[in-house]
Amino acid sequence: MIFGFVVIAVNLALALIGPLIAPFPVQAPVGASLTPPNATHWFGTDVSGMDIFSRVLAAPRVDLTIALVSTAVAFACGVALGVLSGFFAEGTAIARFFSGAIMRAADIFQAFPLFVFALALVGFSGPSTRNVIMALAFLNIPFFLRLTRGAVLQVRSRTFVEAAICAGNSKLRAAFVHVMPNSIAPALVHFSTTIGFSILLTAGLSFVGAGVPPPTPELGLMIKVGAQNMMTGQWWTALMPGLVLAVTVLAFSVFGDNLRVFLDPTSRR
Amino acid sequence: MKRFIVFAGKRVLFAVPQLLAVSVMVFFLIRLLPGDPTYMLAGPYATVERIGEVRSSLGLDQPLLTQYAGYLKRTLTGDFGVSWRTSQPVLLDIQQRLPATLELVIGAVVVSVLIGVPLGVAVAVNRGGIADRLVFVYGMLAGSLPDFWIGLLLILVFFFALQWAPPPVGQLDFGVPSPDHITGAYIVDAALSGNWEVFWSAAGNIVLPLATLVIVYMPLVLKTARSSMEEMLDARFMLQAKASGLSRWTQLRYALRNALPPVVTVTGIVCWFLLGGAVLVETIFAWGGLGQYAVESVINSDYAPIQAVVLIMAVFTTLVFLIVDIVYYLLDPRISV
């Protein structure tokens with residue numbers, strides 16, 4: 001828990017001030033090409049002489065922003081659709097039809113392997129930060145949708161919902177004001193895990209050249225640049241950014257896991 | 001038996017609308033293109049005539065439904081268009097590359113199950129040991145390891161430092177001819193035709209990419225096998241089995257039999273993840289499979305192949321989940337469509 005918390009806090013701080021505290025400019029050559037780690041360049045320099053440590057410090061601003069924004073969009077859309085689809089799973093024929101249609105659509109999207117789908121979406125709409133965010137948001141909607149719908153299905157038959165409708169609330173108001181707050185927990189818990197996962201996908205997209213354009217300080221892009229040097233033994237070029245990436249993603253997933261256990265004590269071992 | 005046929009039949013029928021919907025999605029992908037897709041599809045050096053040709057071949061002046069019907073008809077007859085980068089029909093490109101990807105993905109699934117399930121069961125049986133803790137920590141890593149980075153690390157250690165592995169330049173060592181074409185998967189073909197030189201070359205080259213995928217995606221199988229087995233060992237029927245004086249092995253067999261259905265489901269999910277992971281791993285190891293083809297097509301704005309690869313991978317996933325559901329039914333007939 002502490003590990004996750006600390007890493008996430010450091011990430012958030014770096015996203016805010018990372019580029020400011022970096023000892024070297026992050027997008028310009030500042031030394032000899034491929035210098036091994038030393039006292040001046042803690043993580044060494046890459047093939048074009050850029051300081052890897054400075055770039056790692058600046059990377060959360062790109063990676064975390066993409067992950068946060070896309071996850072927030074996916075969360076908002078997924079929860080809203082989940083509430084609608086769950087609340088109207090029984091009711092008039094039209095309501096049932098739309099509720100079913102939302103679920104079928106989610107099924108279809110999930111037939112596509114995530115990374116391949118992300119690649120295709122970015123490939124068709126063009127590689128840019130905005131398109132990466134939209135693609136990731138789109139991909140993550142079904143997960144939030146399913147989690148929320150599951151919770152809504154359990155909550156909707158409770159007496160307080162009936163009471164709210166009897167008291168004159170419209171069904172939509174009952175769904176969003178009374179049911180939603182009581183069924184949002186699973187999606188909230190999934191939020192942290194999704195951020196980690198989105199960082200991973202962003203890095204993967206950039207790694208194959210379909211993400212943010214170089215020389216943006218982004219972890220996947222740095223690993224891509226370092227990949228060729230890894231084969232000839234300049235290990236620091238890709239090892240350091242990759243390590244930071246792995247630790248960050250792990251922190252978000254550990255934090256998410258702990259949050260789930262914290263909110264649902266019955267799952268404690 | 002009759003119930004099984006009804007179940008399988010229903011499930012297969014259910015896959016038909018799914019596949020249709022998948023094709024609709026892929027059809028609409030092209031509409032994400034900014035502006036008029038004709039210019040993008042005809043390629044950067046197209047003549048005016050070529051652009052007119054592409055426009056009419058796409059039927060962009062037709063109503064949407066007619067366009068979709070045309071797309072579906074072409075897809076069903078295997079006409080995925082032409083890749084302007086390889087100047088070959090996309091179908092041919094895919095036929096050449098699909099076996100390499102399947103070899104990698106199926107190999108990784110098989111190895112993950114062969115290691116993950118026994119290890120998960122063993123840990124569940126001996127709870128609280130050091131192995132249990134190690135597996136718990138390793139399980140935490142599931143889904144947070146960057147597969148492309150792990151692949152690079154393996155290259156650094158086993159190719160550069162130790163010189164055990166061949167350079168990451170494809171499925172065969174330099175200068176080794178590809179085996180006679182039987183299935184298209186080099187290892188299988190070499191073994192079938194008894195060409196052992198090629199077989200060992202192919203086997204040596206698949207170790208690192210396969211290891212990358214297994215290291216990254218096996219924890220899912222391992223975690224599920226472990227928790228499902230633990231749940232069964234704690235179940236009431238195990239107490240009954242113990243009380244009845246059944247041998248330890250018989251008890252474990254009972255538990256394992258009941259622990260398997262979730263493992264089958266997660267195996268399907270691992271397949272789904274592996275298709276995505278294979279894209280990255282193929283790129284690192286210059287594997288020459290479908291994933292690398294997709295990446296190269298995306299980078300070069302070659303749209304027909306991307307559409308085809310996405311469609312094929314989605315169809316593959318749908319079929320995997322179909323098989324998973326049917327195997328699940330065989331293991332646990334209580335579920336229904």
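Computation of the quantities below employed the complete heavy-atom set of this structure, encompassing side-chain atoms and omitting hydrogens, waters and symmetry-equivalent molecules. The sequence lines fix the lettering, A, B, ..., with proteins before strands; numbering per chain opens at 1.
Looking at F117(A), the atoms closer than 4.5 Å to chain B (heavy atoms on both sides) all sit in the side chain, from C-beta outward. Residue F207(A) touches chain B through its side chain alone, counting heavy-atom pairs closer than 4.5 Å. Neither the backbone nor the side chain of L19(B) comes within contact range of chain A, judged by heavy atoms closer than 4.5 Å. For I155(B), the part lying under 4.5 angstrom from a heavy atom of chain A is the side chain only. Of the atoms belonging to V279(B), it is side-chain heavy atoms, and not backbone ones, that fall under 4.5 Å from chain A. Looking at L153(B), both its backbone and its side chain come within 4.5 Å of chain A, counting heavy atoms on both sides. Within the 4.5 angstrom heavy-atom criterion, no atom of L219(A) approaches chain B.
Heavy atoms only, all atoms of each residue included: P113(A) and G276(B) are closest at CB-N, 4.2 Å. In plain terms, the two heavy atoms of W149(B) and I223(A) that are nearest each other are CD1-CD1, 4.3 Å. Counting all heavy atoms, side chain and backbone alike, G123(A) lies closest to V298(B) at CA-CG1, 3.7 Å. For the residue pair T318(B) and A111(A), the shortest heavy atom distance occurs at OG1-CB, 4.1 Å.
One finds the CE atom of M140(B) at 5.0 Å from the CG atom of D257(A) (value rounded to the nearest 0.5 Å). The line from CG of L152(B) to CG of L239(A) is 10.0 Å long, rounded to the nearest 0.5 Å. The line from CD1 of I299(B) to CG of L119(A) is 8.5 Å long, rounded to the nearest 0.5 Å.
Comparing G242(A), A227(A), A251(A), A105(A) by how many heavy-atom pairs each has under 4.5 Å with chain B, the most go to G242(A).
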Report task. Please assess K224(A) against F148(B) for the test side-chain contact (heavy atoms from CB on, under 4.5 Å), listing each intermediate value before the final yes or no. Result -> CA-CA 9 Å; K224(A) 174 191 167 74; F148(B) 50 103; over 6 Å; no
Requested in this report: Any chance you could lay out the side-chain contact (heavy atoms from CB on, under 4.5 Å) test for L121(A) and L29(B), step after step, and finish with the verdict?
Outcome: CA-CA 7 Å; L121(A) 286 176; L29(B) 260 186; 3.9 Å; yes
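The aromatic rings of F273(B) and F197(A) stand perpendicular to each other, their planes meeting at an angle above 60°, with 30° marking the opposite boundary.
Annotation for F159(B): atom CZ counts as buried by contact number, over 12 foreign heavy atoms lying within 6.0 Å.
A donor-acceptor contact shorter than 3.5 Å is absent between the side chain of T317(B) and the backbone of F112(A).
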